[in-house]
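Predicted model, so just to flag it, every value in this text is computed and none were measured. Reminder, nothing fancy here: chain letters follow the sequence lines and each chain counts from 1.
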Protein chains: 2
Amino acid sequence: MATIKDVAREAGLSTGTISKALHDPQKVSRKNQVKIEAAIKKLNYKPNMLAQKFRASTSKTLVVMVPDIANLFFAKVISGIEAVAQAAGFSVLLGDTKDSLEREREFIRMVETRLADGLINLRPYYKDEALLPIKGVPSVTASSSSGTPSYSVRIDNVAASEKIVKHLIGLGHKRIGVISGLHHNPHTIDRLEGYKKALSQAGIDYDEDLVVEGDFNYWSGLSAAEQFCQMPNMPTAFFCMNDEMAIAAMKGFIDKGFCIPQDLSVAGFDDMDVSRYVVPTLTTVAQPAEKIGEKAAEMLISLIQGDTPKSEEVILPFEFIIRESTGPFQ
Amino acid sequence: MATIKDVAREAGLSTGTISKALHDPQKVSRKNQVKIEAAIKKLNYKPNMLAQKFRASTSKTLVVMVPDIANLFFAKVISGIEAVAQAAGFSVLLGDTKDSLEREREFIRMVETRLADGLINLRPYYKDEALLPIKGVPSVTASSSSGTPSYSVRIDNVAASEKIVKHLIGLGHKRIGVISGLHHNPHTIDRLEGYKKALSQAGIDYDEDLVVEGDFNYWSGLSAAEQFCQMPNMPTAFFCMNDEMAIAAMKGFIDKGFCIPQDLSVAGFDDMDVSRYVVPTLTTVAQPAEKIGEKAAEMLISLIQGDTPKSEEVILPFEFIIRESTGPFQ
DNA sequence: CTGTTAGCGCTTTCAG
DNA sequence: CTGAAAGCGCTAACAG
């Protein structure tokens with residue numbers, strides 16, 4: 001592998017001149033520029049960026065910590081991060097933590113050891129197992145919940161849920177079931193709060209028996225639907241805390257002979273690609289996933305560059321999408 | 001930021017000893033080990049990995065080039081890559097190329113400039129715009145088609161398609177339509193070959209009018225379905241080259257009043273998550289996405305370490321999944 | 001405009 | 001077992 005020294009020798013110049021020619025060509029005579037180019041081509045010289053970064057002691061790299069990259073929502077956020085990072089000359093190191101705190105520590109270590117300049121965290125914030133923020137490691141949490149400390153970018157989960165539930169109430173529903181995420185999940189907490197707010201504004205009492213806990217996965221939605229079907233006084237509408245569980249619940253209800261939305265209304269959260277394809281198509285809330293990624297990357301990069309973002313928290317607008325799965329109470 | 005020198009001074013030892021204590025603790029006296037640990041803790045010393053890598057002149061990093069990270073199939077492959085890379089002490093740099101050759105060049109440059117040790121390419125191989133392989137850039141192509149040069153990991157697209165079409169033929173179908181990808185796409189070519197093979201073995205003539213070109217996206221599947229509906233002698237079964245188009249086609253056929261699988265059979269390719277949820281559920285082929293990623297990473301790492309993998313091409317088994325969308329010809 | 005030189009933080013001989 | 005010193009490839013400061 002040719003080094004800058006080799007190029008210098010080949011061109012009959014000093015390494016300093018080569019370096020300057022590479023970074024500040026105007027400061028090198030035309031004649032020597034040509035010589036240098038020739039030498040570079042002849043030796044197929046490529047600057048050693050490891051050396052460059054070492055010397056500059058800045059890696060121009062962001063690490064993105066994601067609980068599960070094979071989750072489309074996260075993949076979209078990452079897509080947004082990548083776009084901004086690349087435009088700003090940063091690379092992105094992918095850290096799939098598979099929900100392990102141990103791995104999270106490793107990735108945080110990467111920025112402590114100068115391998116990366118900062119970090120975007122895609123896991124929602126849990127008070128009791130928060131590794132971040134840490135002094136000296138610039139970090140932004142994307143798609144978290146209310147109460148996330150330090151820098152974060154997200155939608156207003158409370159307001160979004162409130163909107164969904166109000167829509168159901170507006171359709172005449174009074175008994176509205178919830179298929180939630182795990183109860184300690186920050187998103188669950190926010191979304192449940194929105195549900196309660198909507199109810200109370202409509203003068204409907206909160207009944208915790210109408211909340212069945214799921215875990216954001218398909219099977220939990222199916223089993224929640226079955227539980228609801230056995231209730232003596234079953235709800236007529238359902239707010240599911242993500243689309244996957246909503247789709248599963250619809251399947252469960254349909255298999256029991258219910259028609260959606262004639263007999264039961266179902267709403268989700270996330271707007272997965274699927275949600276447009278299923279029958280009936282699903283009423284839901286779309287998070288601007290790519291946008292969240294872009295904002296988070298912008299925020300982190302300005303943090304790295306020593307600026308102080310004007311706000312610690314960026315709240316992005318969500319989109320409420322009414323499709324076929326919700327209809328009037330009959 | 002404390003350096004090894006600071007630790008040496010604090011501990012009253014030389015930098016060489018600190019370094020040794022960090023990498024080969026047995027070769028340092030117990031007493032000094034304790035001193036060193038204390039100094040490290042006191043100064044909160046973290047080794048500068050940029051310096052380490054520079055010196056070792058190996059980055060322990062793989063770059064993964066992906067046409068679109070917000071595509072679940074790719075996300076799953078990456079998940080597999082990440083797992084293996086991490087276990088082997090490699091980081092993965094994500095390169096979302098958004099289908100731009102320019103960006104591909106940048107990522108290839110990263111390994112030429114020592115920023116990464118090797119590269120996994122997730123874009124299928126096109127003869128006329130092949131940037132790889134390049135001497136000095138260890139690379140593996142994942143999920144490509146037959147005829148990909150150099151190292152690759154994939155399923156046998158020809159055999160998988162053949163299997164699907166044989167299944168349709170076995171159900172009594174004789175006129176089998178195809179919704180293909182773009183005609184020059186390597187996957188399209190392989191899958192079409194499988195289709196032809198199955199036909200010829202059943203003594204059915206190939207009729208190119210039954211092949212409608214799509215582009216692997218939803219809308220193209222829908223419009224292909226409409227085209228088929230206008231044919232005087234419409235096929236009774238359809239082989240769609242991915243699930244997205246298959247799902248769109250089903251929607252199109254259903255909207256025209258056809259019942260699936262009673263009137264028409266539809267098969268896809270990929271086994272997206274959706275494909276289990278749609279009504280009717282979709283007959284398709286599952287590619288072992290994570291496995292493909294794992295194998296590709298293993299192959300690349302052994303390449304980087306100077307081993308020569310025994311085979312240039314790893315063919316992984318696919319899974320043929322019969323669901324509700326295909327049924328007997330009536 | 002060009003050359004010389006020091007030094008980034010670390011590891012690794014080689015002596016002691 | 002420990003210390004001294006060289007050097008990885010590059011850039012920047014300074015002198016010429």
Choose from D:dT11, D:dG3, C:dC8 the nucleotide whose nearest atom is closest to any side-chain atom of B:Ser14.
D:dG3

B:Leu50 CG - C:dG7 C1' separation (whole Å)
16 Å

salt_bridge(A:Arg105, A:Glu102) N-O dist < 4.0 Å
yes

If you check every side-chain atom of B:Ser19, which of C:dT11, D:dG9, C:dG3 has the closest atom?
C:dT11

Side chain of B:Ala51 - closest among C:dG3, C:dC10, D:dG9
C:dC10

Ignoring backbone atoms, establish whether A:Thr17 has a side-chain N or O less than 4.0 Å from OP1 or OP2 of C:dG3.
yes

In whole angstroms, the gap separating P of C:dG9 from CD1 of B:Ile40 amounts to 16 Å

Among D:dC8, D:dA5, D:dC10, the one nearest B:Arg55 by side-chain distance
D:dC8

Between B:Arg123 and B:Glu104, does at least one N-O distance fall below 4.0 Å, as a salt bridge requires?
yes

Proximal nucleotide (of D:dC1, D:dC8, D:dG3) relative to the B:Leu13 side chain:
D:dG3

Please give, in whole Å, the distance from C:dC1 P to A:Gln26 CD?
10 Å

Short side-chain N/O contact from A:Gln52 to OP1 or OP2 of D:dT11, under 4.0 Å:
yes

Can you measure B:Lys20 atom NZ to C:dT13 atom P for me and round it to whole angstrom units?
11 Å

Side chain A:Asp96, main chain A:Lys98, donor-acceptor under 3.5 Å:
yes

Scan B:Ser29 against the nucleic acid and name what it touches under 4.0 Å (heavy atoms): base, sugar-phosphate only, or nothing.
sugar-phosphate

Taking the nucleotide of DNA chain D with the nearest heavy atom to each, does B:Lys27 or A:Thr3 sit closer to the 5' end?
B:Lys27

Of all the choices, D:dC8, D:dG3, C:dT11, which nucleotide is nearest to the side chain of A:Lys5 once you look at every atom?
D:dC8

Minimum-distance nucleotide (side-chain atoms of B:Pro47 versus D:dG3, C:dC10, C:dC8)
C:dC10

Among the nucleotides C:dC10, D:dG9, D:dT11, whichever has the atom closest to the side chain of A:His23 is D:dT11

Picking from C:dC1, D:dG9, D:dA5, which would you name as closest to the side chain of B:Thr15?
D:dA5

Using 30° and 60° as the class limits, which term best fits the ring planes of A:Tyr126 and A:His184: parallel, tilted or perpendicular?
tilted

Without hydrogens or angle criteria, can the side chains of A:Gln52 and A:Arg55 be said to hold a donor-acceptor pair below 3.5 Å?
no

C:dC10 C1' sits how many Å from B:Lys60 NZ, rounded?
17 Å

Could you tell me how far apart A:Ile18 (CD1) and D:dT11 (C1') are, to the nearest whole angstrom?
13 Å

In terms of side-chain heavy atoms of B:Ile4, which of D:dG9, D:dA5, C:dC10 is nearest?
C:dC10

To the nearest Å, how far apart are A:Arg114 CZ and C:dC8 P?
14 Å

A:Glu290 with A:Lys76: basic N within carboxylate O range, under 4.0 Å:
no

Check the distance between C:dG9's P and B:Tyr45's OH and give it to me in whole angstrom.
10 Å

